[in-house]
Amino acid sequence: MKILVLKSSGNKRGSSNMLADEFIRGAKESGNEVTEFDVIRADIRPCLGCNSCMSHNGACVRKDDYEKTLKSLLLETDMIVFVMPVYYFGWPAQLKAAVDRFYSVNDQLMGMKKKCALLAVAYDDTDAVFEAVLANYRQIYEYMNFQNVGAILGKGCGTPDMTKASPYPNAAYELGKTVR
């Protein structure tokens, strides 16, 4: 299986990337091919809502890293893993901008029956911190006809040391091992 991991943390050695790395390790051990894409370090501009892509076979007027790289990765993969730190109870803006750009190939993606997973971390250690993130994630995978294979929600993962001492890196590894 081809897996695309969309990372969205400004901290390369941060908690969400730690979970991503463990998921990737497990997925590769199970024979999967994994590609990482860092939306934070990519030039992905917000969707203009101009609908030009609808009349130009999915081609976006924005000639950024979504159009040059990410769009083809999305179409070539069997699974998308959304990786994020939770910012003010929601998705990081850069990841949301990338997901909004899925619109240019919406019909194609919807018909591909992709799998997806969510790896999210938050400093807060309450369930409430993930409510909006989970609601948005659920709406996306249901609308896109993706199959959710799991979500790891790292509560109390405010620093890499806190995350390392938690059960979440191992949970991400185990989730990675199960995908095929």
Side-chain angles (χ1 to χ4, degrees), residues 1-17 19-21 23-24 27 32-122 130-153 176 179:
M1 175 185 308
K2 290 184 177 182
I3 301 171
L4 175 61
V5 177
L6 297 178
K7 292 182 172 183
S8 62
S9 174
N11 185 347
K12 286 185 180 183
R13 291 182 197 61
S15 294
S16 64
N17 284 339
L19 296 190
D21 292 344
F23 175 89
I24 291 166
N32 296 292
E33 180 184 324
V34 181
T35 301
E36 300 175 52
F37 190 89
D38 189 341
V39 299
I40 291 288
R41 287 160 186 82
D43 174 26
I44 298 179
R45 287 171 257 153
C47 178
L48 294 171
C50 66
N51 284 323
S52 178
C53 58
M54 294 298 111
S55 58
H56 291 92
N57 200 29
C60 183
V61 298
R62 300 248 194 203
K63 302 305 177 206
D64 58 7
D65 291 336
Y66 173 83
E67 188 66 16
K68 294 175 189 171
T69 307
L70 183 54
K71 181 166 63 172
S72 61
L73 291 173
L74 289 168
L75 294 172
E76 295 166 2
T77 192
D78 303 303
M79 179 177 183
I80 302 168
V81 181
F82 302 97
V83 181
M84 70 186 75
V86 175
Y87 293 156
Y88 287 91
F89 309 96
W91 293 46
Q94 295 88 341
L95 181 57
K96 181 66 170 80
V99 171
D100 287 349
R101 297 285 295 282
F102 287 14
Y103 180 70
S104 68
V105 288
N106 230 25
D107 290 342
Q108 290 171 278
L109 290 174
M110 290 172 93
M112 297 176 91
K113 307 289 185 193
K114 294 185 180 297
K115 293 181 180 181
C116 65
L118 172 67
L119 305 176
V121 297
F130 293 107
E131 287 176 7
V133 168
L134 280 173
N136 194 306
Y137 174 62
R138 185 172 30 261
Q139 288 295 315
I140 289 168
Y141 73 70
E142 288 177 357
Y143 174 73
M144 299 300 291
N145 296 317
F146 293 169
Q147 177 192 352
N148 174 37
V149 299
I152 306 298
L153 306 175
V179 296

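Everything quoted here is computed from the prediction, not taken from an experiment.
At distances below 3.5 Å, at least one donor-acceptor pair connects side-chain atoms of Asn17 with backbone N or O atoms of Asn11. Lys114 contributes no side-chain N or O that, together with a main-chain N or O of Met144, makes up a donor-acceptor pair within less than 3.5 Å. Listed for the Thr69 side chain is no donor-acceptor partner under 3.5 Å among the backbone atoms of Tyr66. One N or O on the side chain of Arg41 and one on the backbone of Gly10 form a donor-acceptor pair closer than 3.5 Å. The backbone N or O of Cys60 lies less than 3.5 Å from a partner atom in the side chain of Lys63, making a donor-acceptor pair. Side-chain atoms of Tyr141 never come within 3.5 Å of backbone atoms of Cys116 as a donor-acceptor pair (strictly under, hydrogens ignored).
The shortest distance between side-chain heavy atoms of Tyr143 and Met110 falls below 4.5 Å. Looking at Val81 and Ile3, their side chains come closer than 4.5 Å, going by heavy atoms from C-beta outward. For the pair Thr77 and Thr35, the minimum side-chain heavy-atom distance is 4.5 Å or more.
Between Phe130 atom CZ and Leu153 atom CG the span is 5.0 Å, to the nearest 0.5 Å. Put simply, CD1 on Ile24 and NZ on Lys7 are 5.0 Å apart, with the number rounded to the nearest 0.5 Å. Considering OG of Ser104 and CG of Asn57, their distance stands at 10.5 Å, rounded to 0.5 Å. In this structure, CE on Met84 lies 12.0 Å from CD on Gln94, to the nearest 0.5 angstrom. To the nearest 0.5 Å, atoms OG (Ser8) and CG (Leu119) are separated by 10.0 Å. Of the inter-residue distances, the one linking Leu118 atom CG with Ile80 atom CD1 reads 12.5 Å to the nearest 0.5 angstrom.
Closest approach of Asp64 and Arg45 over heavy atoms only: OD2-N, 2.8 Å. Nearest heavy atoms, Trp91 versus Leu95: CE3-CD2, 3.5 Å. Across all their heavy atoms, Lys71 and Gly58 have their closest contact at NZ-O, 2.7 Å. Smallest separation of non-hydrogen atoms from Ser16 and Pro85: OG-CD, 3.6 Å. Across all their heavy atoms, Glu76 and Lys2 have their closest contact at O-CD, 3.3 Å. The shortest heavy-atom contact between Met112 and Leu75 is CE-O, 3.0 Å.
By the ring pair (Phe, Tyr, Trp, His ring centres under 6.0 Å) test, Phe23 pairs with no residue at all, sequence neighbours left out.
Around the CG atom of Asn51, the shell of radius 6.0 Å holds more than 12 heavy atoms that belong to other residues, nucleotides or ligands.
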Handout entry: Intermediate values then yes/no, side chain to side chain contact (heavy atoms under 4.5 Å, CB included), Asp65 and Leu70
Key = CA-CA 6 Å; Asp65 291 336; Leu70 183 54; over 6 Å; no

Handout entry: Residue pair Asp43, Arg62: steps toward the salt bridge (charged side-chain N to carboxylate O under 4.0 Å, His left out) verdict
Key = CA-CA 10 Å; Asp43 174 26; Arg62 300 248 194 203; over 6 Å; no

Exercise for the section: Begin with the C-alpha distance, continue with both residues' side-chain angles, and end with the deciding distance and a verdict on side chain to side chain contact (heavy atoms under 4.5 Å, CB included) for Asn32 and Met79. Expected result: CA-CA 10 Å; Asn32 296 292; Met79 179 177 183; over 6 Å; no

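Ring-plane geometry between Phe82 and Tyr137 is classed as perpendicular, the angle between the planes exceeding 60 degrees on a 0 to 90 degree scale with a lower cut at 30.
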